[in-house]
Protein chains: 2
Amino acid sequence: MHGSENPKDDDKPPIDIDLLLPFQISQLNAKLAAQARAIIARHGTLSLPEWRIIRVVGMKVATGSTAVRKAAGIDKSQFSRTVNALVEDGFVEVHPSSEDRRQFEISLTSKGHAAHDRLAPELDARQRHLLGALSPAERAVIHSAIRALARAAEQTEFNLDIDSKGTQDNA
Amino acid sequence: MHGSENPKDDDKPPIDIDLLLPFQISQLNAKLAAQARAIIARHGTLSLPEWRIIRVVGMKVATGSTAVRKAAGIDKSQFSRTVNALVEDGFVEVHPSSEDRRQFEISLTSKGHAAHDRLAPELDARQRHLLGALSPAERAVIHSAIRALARAAEQTEFNLDIDSKGTQDNA
DNA sequence: AGTATAAGGTGGATATGTCAACGTCTTGGT
DNA sequence: ACCAAGACGTTGACATATCCACCTTATACT
C-alpha cells in the first residue's frame with residue numbers, strides 16, 4: 001500500500017469520496033494485493049501473477065495455455081512473459097500441444113509442486129479469514145454483488161439522467 | 001480489459017477460482033478502471049490518476065498537498081509525478097503553503113475547471129449506473145462489506161486452522 | 001483447394017502502482 | 001537552544017497491467 005506513512009498517522013477518511021464505489025474497490029484491491037504479496041513473500045520469491053498461474057495449474061483447473069490464461073484472468077501479453085519467467089526459474093514445464101500447434105501444455109515441476117503445497121494452505125486460510133470478516137448477510141450477497149458490478153462495468157455509455165433503473169433481475 | 005479476445009469467445013467460467021474473493025475483486029477492479037478510462041478518454045487526454053486528483057480538488061474536498069494525496073488514495077511517489085504532469089499540462093497550479101514549507105496548495109486552472117465540469121456529470125452518472133445494477137439488499141451492505149474486507153486485508157498473519165471465527169481483534 | 005477471418009503467443013511501448021533512499025522541514029522532547 | 005524522530009515531497013528502480021503490431025496457426029466459407 002501507500003502505508004509508507006507511519007504508525008501514528010491514523011488514516012481518517014475525511015471526505016465523501018468514501019461513497020464512490022470504484023474508488024473504494026480500487027483501494028480494497030490494493031490492500032488485498034499487498035496482503036497476498038506479503039504472504040507469498042514469506043515463502044519464496046514468487047511474484048503475485050506467477051503464483052496465480054502456479055495455483056491454477058496446481059489445482060488442475062486447466063493445463064492448456066489458453067485455458068490457464070483465462071482461468072487466471074491474465075492478459076495475453078503478461079501471461080506470455082510470466083510463464084516464460086516461471087520456466088526460466090524452474091517452476092513449470094511446457095510441452096507443445098498435440099491438438100493446437102499454437103498452444104502448449106503447462107505442468108508443474110517438483111519445485112513448482114513444492115511451492116504450491118507450501119503456499120496453498122496459507123492462502124486458503126486467508127480466504128477463510130476474509131470471509132470470516134463479513135457478516136452472514138454480507139457473505140450471502142457479496143458474490144452476486146461483484147458479478148453485478150462486473151457486468152455493469154462493461155458498459156461505457158449510459159444516460160446522464162437519474163435513471164439507473166436496472167431490472168435487477170440477476171442473482 | 002483483456003477484451004482483445006473477441007465477441008464470439010464467450011467466457012465460460014469453468015472453475016471454482018470463481019469463489020476466490022481477491023481474484024474476483026481484482027477482476028472487477030480491472031473492469032471498473034477500464035470503464036473509467038474509456039469514459040475519461042472520450043472527453044480529453046487525462047489519465048485516470050490525473051482525473052482522481054482533479055476530482056478531489058474540483059470537489060473542494062481538499063487543497064493542501066498531503067490532504068489531496070490522502071483523499072485520492074495515491075502513493076506519495078505517484079502523486080508527485082502526477083501533479084507535476086498536471087501542472088505541466090496546465091490543469092492545475094501550485095502555490096507554496098504558508099503553514100508548512102514542505103507542502104503546497106493545489107488549485108484548478110480554468111482549463112482544469114473545464115475538464116472537471118465536463119467529466120464530473122459523466123462519472124456521477126456512472127456511479128448511479130453501478131449502484132443501480134445492485135439489488136437493494138446488495139446496495140445496503142456493499143459499503144460495510146468493503147470496509148470489513150479492507151480491514152481484514154491488513155492482517156498478514158492468521159491461524160491455518162479452520163477458525164475464521166470473526167472478532168479478529170485488530171482495529 | 002483457397003481464402004478470409006479470427007484466435008493464439010510474442011515483443012515493444014506505455015501506463016499504473018509499489019518500494020526504498022534521500023534531503024528538507026516540523027514537531028516534541030530535553 | 002538543541003536534538004531525535006517523524007512527516008513531506010522527490011527521484012530512481014522495479015513490479016504489474018494494458019495496448020498494439022506482428023507472425024503463425026485454426027477455422028469457416030466458398
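This is a predicted model, so every value here is computed, not measured. Lettering follows sequence order; numbering is per chain, from 1.
- Atom CG of A:Leu86 is separated from atom P of D:dA15 by 14 Å (rounded to the nearest Å).
- With rounding to the nearest 0.5 Å, the separation of CG in B:Leu149 from CD1 in B:Ile25 is 5.5 Å.
- Proximity of B:Gln78 to the phosphate of C:dG17: a side-chain N or O atom is located under 4.0 Å from OP1 or OP2.
- Counting only distance, with no hydrogens or angles, the side chain of B:Arg126 and the backbone of B:Ile39 share no donor-acceptor pair below 3.5 Å.
- Donor-acceptor pairing under 3.5 Å is lacking for the side chains of A:Ser65 and A:Glu105.
- For the pair A:Gln27 CD and C:dT18 C1', the computed distance is 13 Å after rounding to whole Å.
- Taking atom CZ of residue A:Phe23 and atom P of nucleotide C:dG17, one finds them 11 Å apart after rounding to whole Å.
- Not a single donor-acceptor contact under 3.5 angstrom links the side-chain atoms of B:Arg37 to the base of C:dT14.
- Protein atom CD1 of B:Ile74 is 13 Å distant from nucleotide atom P of D:dG9, rounded to whole Å.
- Contact annotation: A:Arg81 side-chain N/O to C:dT10 OP1/OP2 distance is not under 4.0 Å.
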List the atom pairs, with distances to 0.1 Å, where a side-chain N or O of residues 108-121 of chain B and a protein N or O form a donor-acceptor pair under 3.5 Å, not counting sequence neighbours.
residue	atom	partner	partner atom	Å
B:Thr109	OG1	B:Gly90	O	2.6
B:Thr109	OG1	B:Phe91	O	3.0
B:Thr109	OG1	B:Lys111	N	3.3
B:Thr109	OG1	B:Gly112	N	3.1
B:Lys111	NZ	B:Asp89	O	2.7
B:Arg118	NH1	B:His43	O	2.3

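- To the nearest angstrom, P of D:dA17 lies 14 Å from CZ of A:Phe79.
- In this structure, A:Gln103 reaches the sugar-phosphate backbone alone: every heavy-atom distance under 4.0 Å involves primed, P, OP1 or OP2 atoms, never a base.
- When all heavy atoms of A:Arg37 and A:Leu48 are compared, the closest pair comes out as CG-CD1, 3.9 Å.
- Rounding to whole angstrom units, NZ of residue A:Lys31 and P of C:dC19 are separated by 13 Å.
- In terms of phosphate contacts, A:Ser47 brings no side-chain nitrogen or oxygen within less than 4.0 Å of OP1 or OP2 of D:dA15.
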Review item, nucleotides 20-25 of chain D N/O atoms under 3.5 Å of protein N/O:
residue	atom	partner	partner atom	Å
D:dT25	O2	A:Arg102	NH1	3.3

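- Rounded to whole Å, the distance from CD1 on B:Ile106 to P on D:dC8 is 13 Å.
- Using a 4.0 Å cut-off, no side-chain N or O of B:Ser65 falls inside it from OP1 or OP2 of D:dC8.
- We find that B:Arg81 and B:Asp75 are not joined by a salt bridge, their nearest charged nitrogen and carboxylate oxygen being 4.0 Å or further apart.
- For B:Ser80 and D:dT10, the shortest distance from a side-chain N or O to OP1 or OP2 is below 4.0 Å.
- Taking atom CD of A:Glu99 as the reference point, atom P of C:dG9 lies 14 Å away to the nearest angstrom.
- Taken from OG in A:Ser47 to CD1 in A:Ile40, the straight-line distance is 7.5 Å, to the nearest 0.5 Å.
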